[in-house]
Trainee: 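Structure provided below as structure tokens; questions to follow.
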Amino acid sequence: MVEQSGSDAYDFSTDAGVPNLTPLETMRHSAAHVMAHAVQRLFPGARVTIGPAIETGFYYDFAVDTPFTEEDLPKIEAEMARIAAGRHPFRREEVSREEALALFSSMGEHYKVELLQAIPPGQTITLYRHDDFVDLCRGPHVEHTGCIGAFKLLSVAGAYWRGDSRNPMLSRIYGTTFPTKEELDAYLRQLEEARRRDHRKLGRELELIHFEPLAPGCAFWLPRGAVLWNTLSQWMRGLLLSHGYVEVRTPLIFNKRLWEISGHWEHYQDNMFVMEAEGQVYGLKPMNCPSHMLLFGARRRSYRELPLRMHDQGVLHRAEPSGTLGGLTRVRQFVQDDAHLFVTPDQVAAEMDQLLGLVDRVYRTFDLRYQVKLSTRDPAKMMGDPALWDRAEADLRSTLAARGMSYIEQAREAAFYGPKIDFDVTDAIGRKWQCATIQLDFQIPLRFDLTYVGEDNAEHRPVVIHRAIFGSFERFIALLIEHYAGAFPLWLSPVQARVLGVSQRHDAYVREANELLLRHGVRSEVDLSGDKLGAKIRRAQLDKVPYMVVIGDKEVAARTVSPRTRDGRQLEARPLEVFARELAAEAQPPPVAD
RNA sequence: GCCACUGUAGCUCAGCGGUAGAGCAGCGGUUUCGUAAACCGCAGGUCAUGGGUUCAAAUCCCGUCAGUGGCUCCA
């Protein structure tokens with residue numbers, strides 16, 4: 001439901017200054033204090049830890065013997081309301097480290113003691129008090145507890161202390177607050193609205209996808225979902241082939257020895273599906289790169305072949321932990337619009353530029369907004385030649401800048417094998433999902449001992465770029481379903497037209513019109529139910545069919561059709577042939593090149 | 001994997017210790033109807049699953065599976 005923001009008001013280790021909270025964040029953070037106060041009144045054993053404002057509200061993590069349940073929330077809300085009504089002023093207090101340690105030790109707040117010990121020497125330590133509650137906190141806060149706005153507690157969750165799964169699990173309560181009741185209600189309504197366009201709900205209602213408990217994390221694609229998939233898959237092929245890619249198809253199952261070469265066996269065995277046959281151990285591929293490395297290395301390669309752009313829509317499997325699965329956004333079986341580019345170091349910048357253009361073209365085609373993240377080296381775990389890293393990171397920054405793309409840079413977030421650029425898209429309920437990704441890899445060519453023969457007749461090491469634009473078809477389609485709320489643009493619509501007769505007397509011409517549309521390549525179907533036209537229209541609307549083709553006495557007599565659009569417009573009657581040609585033309589996919 | 005919650009007909013949900021219900025969808029019939037729901041009838045469920053408590057369990061307890069919201073993870 002909520003995304004942890006980067007601005008943790010208690011993270012003393014990374015920010016020496018006073019946090020610069022917006023008024024809304026200040027109010028939310030103060031609400032977190034009031035919630036902690038309420039919790040400690042109701043649950044005297046609860047120990048406080050941290051409780052920041054986040055993008056959608058606030059949370060507070062508590063150490064308790066028995067975790068909170070949702071039934072506890074109304075009680076806590078009621079107690080918060082009492083504290084708010086008391087209008088207790090927030091009081092800031094600077095104390096010495098010793099005073100603070102003594103205070104929190106005496107209170108048994110050992111998590112606060114641990115936080116205190118992490119504060120760098122010389123930094124001012126502040127307490128914030130209201131009524132009889134005290135918390136270690138940098139502030140700022142609102143004037144008094146009456147100023148925390150219209151609040152609501154939303155959910156409980158487990159969360160590891162300091163975000164580390166080796167640490168104890170704390171009990172987190174999420175809440176939100178807004179300056180006015182109206183804004184809070186608007187937010188809650190917006191959450192409701194978002195649930196209506198959830199791809200899991202629409203995917204079922206529109207008969208796109210299906211799941212079975214016997215195949216957790218693996219989607220069935222129903223006929224209409226399969227149309228979506230195939231349409232996107234073909235369009236992507238066209239786009240990539242027109243940009244100098246070649247397509248390959250590679251095996252799903254490889255001998256364990258391949259995974260030992262690639263390093264997966266050592267690091268990611270637990271996330272792989274492993275099987276055995278005739279005494280040999282095999283693994284289902286979790287990614288395509290090793291197969292592509294084998295293909296590149298299968299014969300001598302010349303510099304004249306580079307850049308070599310190898311596309312593969314192969315099926316991948318990852319044994320994701322059960323607790324992380326969800327709808328189409330996190331699955332165990334998926335397909336990426338994957339490619340590996342084999343390039344010389346000199347070609348990196350130009351390839352990056354082409355890729356950024358491709359990514360932008362694709363996301364503009366679907367009106368999807370994305371956020372760009374550049375991840376640069378972590379000196380502690382980077383491998384390879386630092387000069388190569390220097391140049392690659394500089395290339396990435398300059399190509400991003402040259403295209404005028406705004407991005408956030410995340411230092412130390414790169415993989416050990418090279419820097420990367422990720423593109424995040426937000427789903428209906430505000431969660432961010434990584435879709436497109438561009439990753440430089442200096443290590444894998446080494447592991448597979450890949451070389452090409454240069455102009456100088458000597459062997460050279462290529463650089464590999466892993467890249468996907470949709471990311472996975474599964475996740476991308478989930479986001480498209482939510483983005484369009486199931487009302488796909490014509491070229492993607494699983495059903496583009498449905499032919500509806502006013503009465504069953506018109507059935508013969510209804511069938512004829514449908515067949516003509518099909519022959520023109522339009523994805524058309526008929527509604528031959530005995531229902532009245534109104535009911536057929538209603539059903540087509542709910543199915544989000546772009547064109548309803550109405551046929552009655554007039555149309556039969558004149559050999560015309562009367563189209564109605566999904567957005568309720570009634571178009572003028574026109575000859576059947578004319579409509580079929582118009583629709584076929586309008587249903588063409590967007591161009592893949594200018 | 002960890003924390004919390006949920007699992008009743010294809011879908012949405014009611015029932016919450018006395019032995020299963022509605023609407024929609026489906027099927028049959030009547031109606032032949034011009035732009036978001038015609039009418040009548042029928043059928044459909046070992047109440048996720050395995051165990052336990054009880055005279056009696058969909059209802060209470062435990063295990064398992066799956067889903068949902070988070071946390072960790074996402075090469």
Side-chain angles (χ1 to χ4, degrees), chain A residues 1-4 59 61 64 66-73 154-174 195 198 200-201 204-205 207 210-217 259 262-272 286-287 289-290 316 318-327 329-332 334 415-417 420 422 429 431 433-434 437 439 441 443-444 466 472 475 500-507 529-543 548-555 562-566 568-571:
Chain A
M1 167 162 304
V2 267
E3 181 87 8
Q4 183 167 0
Y59 69 77
D61 286 347
V64 283
T66 45
F68 299 117
T69 72
E70 279 177 23
E71 287 171 24
D72 296 325
L73 299 184
L154 297 171
S155 59
V156 296
Y160 298 106
W161 167 237
R162 300 205 139 176
D164 188 329
S165 60
R166 288 167 303 190
N167 287 337
M169 180 156 275
L170 307 172
S171 190
R172 173 175 299 180
I173 300 176
Y174 282 105
R195 277 186 255 276
D198 188 305
R200 289 163 296 197
K201 179 175 154 65
R204 184 172 55 239
E205 290 174 354
E207 297 192 358
H210 177 74
F211 284 94
E212 285 287 334
L214 295 177
W259 309 116
S262 70
H264 289 95
W265 200 258
E266 190 188 347
H267 296 289
Y268 302 104
Q269 199 188 142
D270 289 346
N271 288 307
M272 284 178 64
M287 42 188 11
C289 27
L316 308 177
R318 297 181 187 179
E320 302 286 2
S322 53
T324 65
L325 300 177
T329 41
R330 189 78 186 264
V331 286
R332 284 185 173 151
F334 58 100
F416 66 89
Y417 51 75
K420 62 173 180 174
D422 292 323
I429 56 176
R431 293 180 293 203
W433 295 98
Q434 188 202 96
T437 183
Q439 311 184 355
D441 194 335
Q443 286 306 307
I444 202 165
H466 311 255
S472 80
R475 184 175 286 180
L500 317 173
V502 172
S503 90
Q504 290 180 319
R505 181 166 72 243
H506 310 110
D507 278 1
S529 69
D531 289 324
K532 298 205 297 189
L533 181 62
K536 293 178 185 175
I537 297 274
R538 176 183 148 80
R539 199 155 41 235
Q541 281 296 142
L542 293 174
D543 291 344
M548 288 152 252
V549 184
V550 176
I551 282 171
D553 289 339
K554 285 179 297 203
E555 287 78 11
S562 293
R564 177 199 204 270
T565 66
R566 185 165 55 188
R569 283 179 303 131
Q570 256 178 263
L571 308 182

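None of these values were measured; they are calculated from a predicted model.
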Trainee: Taking pairing as Watson-Crick or G-U wobble with both contacts under 3.5 Å, can you name the mate of B:A57, or confirm there isn't one?
Mentor: none
Trainee: May I ask you to verify if any side-chain N or O of A:R431 is less than 4.0 angstrom from the OP1 or OP2 atom of B:G69?
Mentor: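 Yes.
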Trainee: State which of B:A66, B:A36, B:C71 makes the closest approach to the side chain of A:P216.
Mentor: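 Selected nucleotide (nearest to the side chain): B:A66.
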Trainee: Write down the partner of B:C5 under the Watson-Crick or G-U wobble criteria, each distance required to be under 3.5 Å.
Mentor: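 Its partner is B:G67 (Watson-Crick or G-U wobble, both distances under 3.5 Å).
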Trainee: Checking base pairs now: Watson-Crick or wobble, both atom distances under 3.5 Å. What partners B:C39?
Mentor: B:G29
Trainee: Which value, in whole Å, describes the distance between the C1' atoms of nucleotides B:C11 and B:G26?
Mentor: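 It comes out at 12 Å once rounded to the nearest Å.
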Trainee: What integer number of Å spans the P atoms of B:A14 and B:U8?
Mentor: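 Pairwise P distance, B:A14 against B:U8, rounds to 10 Å.
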Trainee: For the side chain of A:S503, counting heavy atoms from C-beta on, which of B:C71, B:G67, B:U32 is nearest?
Mentor: B:U32
Trainee: Starting from the C-alpha separation in whole Å, work towards a yes-or-no answer on side chain to side chain donor-acceptor pair (under 3.5 Å) for A:T437 and A:Q439.
Mentor: CA-CA 6 Å; A:T437 183; A:Q439 311 184 355; 3.1 Å; yes
Trainee: Could you work out the separation of B:U53 and B:U59 based on their P atoms and round it to a whole Å?
Mentor: 15 Å
Trainee: With P as the reference atom in both, quote the distance from B:C5 to B:G45 in angstrom, rounded to an integer.
Mentor: 32 Å
Trainee: Using only heavy-atom distances, decide whether a donor-acceptor pair under 3.5 angstrom links the side-chain of A:E207 to the base of B:G10.
Mentor: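 There is none.
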Trainee: Could you work out the separation of B:C24 and B:A20 based on their P atoms and round it to a whole Å?
Mentor: 23 Å
Trainee: So which nucleotide from B:U32, B:U72, B:U35 ends up closest to the side chain of A:L533?
Mentor: B:U35
Trainee: Tell me the interatomic distance from A:R330, atom CZ, to B:U68, atom P, rounded to whole angstroms.
Mentor: 13 Å
Trainee: Need the pair for B:U12. Rule: Watson-Crick or G-U wobble, both distances under 3.5 Å, any strand; none if unpaired.
Mentor: B:A22
Trainee: Students often get this wrong, so: under 4.0 angstrom with heavy atoms, is A:F68 touching a base, only sugar-phosphate, or nothing?
Mentor: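 The answer is sugar-phosphate, as A:F68 gets under 4.0 Å only of primed atoms, P, OP1 or OP2.
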Trainee: Under the criterion side-chain contact (heavy atoms from CB on, under 4.5 Å), which of A:D72, A:I173, A:T69 is the partner of A:V156?
Mentor: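 In the set A:D72, A:I173, A:T69, the residue that makes a side-chain contact (heavy atoms from CB on, under 4.5 Å) with A:V156 is A:I173.
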Trainee: Which listed nucleotide (B:C71, B:A75, B:U35) is nearest to the side chain of A:H264?
Mentor: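 Out of B:C71, B:A75, B:U35, the nucleotide with an atom closest to A:H264's side chain is B:A75.
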Trainee: Taking any strand in view, what nucleotide pairs with B:G44 in a Watson-Crick or G-U wobble way, both distances under 3.5 Å?
Mentor: none
Trainee: Is A:K554 touching bases, backbone alone, or none of the nucleic acid, heavy atoms closer than 4.0 Å?
Mentor: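 A:K554: base contact, heavy atoms under 4.0 Å.
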Trainee: Look at the side chain of A:R505 and decide which nucleotide, out of B:C71, B:C33, B:G34, has an atom nearest to it.
Mentor: B:C33
Trainee: Taking the side chain of A:Q541 as heavy atoms from C-beta outward, which of B:A75, B:A36, B:U32 is closest to it?
Mentor: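 Nearest to the side-chain atoms of A:Q541, counting from C-beta on, is B:A36.
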Trainee: Can you figure out which of B:U35, B:G69, B:G67 approaches the side chain of A:S562 most closely?
Mentor: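 Side chain of A:S562 sits closest to B:U35.
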Trainee: With the side chain of A:L542 defined as its heavy atoms from C-beta on, choose the nearest nucleotide among B:C71, B:U32, B:A36.
Mentor: B:A36
Trainee: Among B:A66, B:A4, B:C71, which nucleotide has an atom closest to any side-chain atom of A:A159?
Mentor: B:C71
Trainee: Hey, what do you get for NE2 (A:H506) to NZ (A:K554), rounding to the nearest 0.5 Å?
Mentor: 10.5 Å
Trainee: Among the candidates B:U32, B:A38, B:C73, find the nucleotide nearest to the side-chain atoms of A:A535.
Mentor: B:A38
Trainee: Between the base of B:C74 and the side chain of A:R475, is there a donor-acceptor distance below 3.5 Å?
Mentor: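 It does not, because no donor-acceptor pair links the side chain of A:R475 to the base of B:C74 below 3.5 Å.
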Trainee: Could you tell me which non-hydrogen atom of A:R330 sits nearest to which non-hydrogen atom of A:T324, and how far apart they are?
Mentor: CG-O, 3.0 Å
Trainee: Between A:Y174 and B:C71, is there a side-chain N or O to OP1/OP2 distance below 4.0 Å?
Mentor: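 Yes.
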Trainee: Considering every strand and a 4.0 Å limit on heavy-atom distances, what is the contact class for A:P321: base, sugar-phosphate, or nothing?
Mentor: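 Counting heavy atoms under 4.0 Å across all strands, the contact made by A:P321 includes a base.
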Trainee: According to the Watson-Crick and G-U wobble definitions, with both distances under 3.5 Å, which nucleotide is paired to B:C74?
Mentor: none
Trainee: Please tell me if A:R200 has a side-chain N or O lying less than 4.0 Å from either OP1 or OP2 of B:G69.
Mentor: yes
Trainee: Quote, to the nearest angstrom, the C1' distance that separates B:G50 from B:C55.
Mentor: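 Going atom to atom, C1' in each nucleotide, I get 23 Å.
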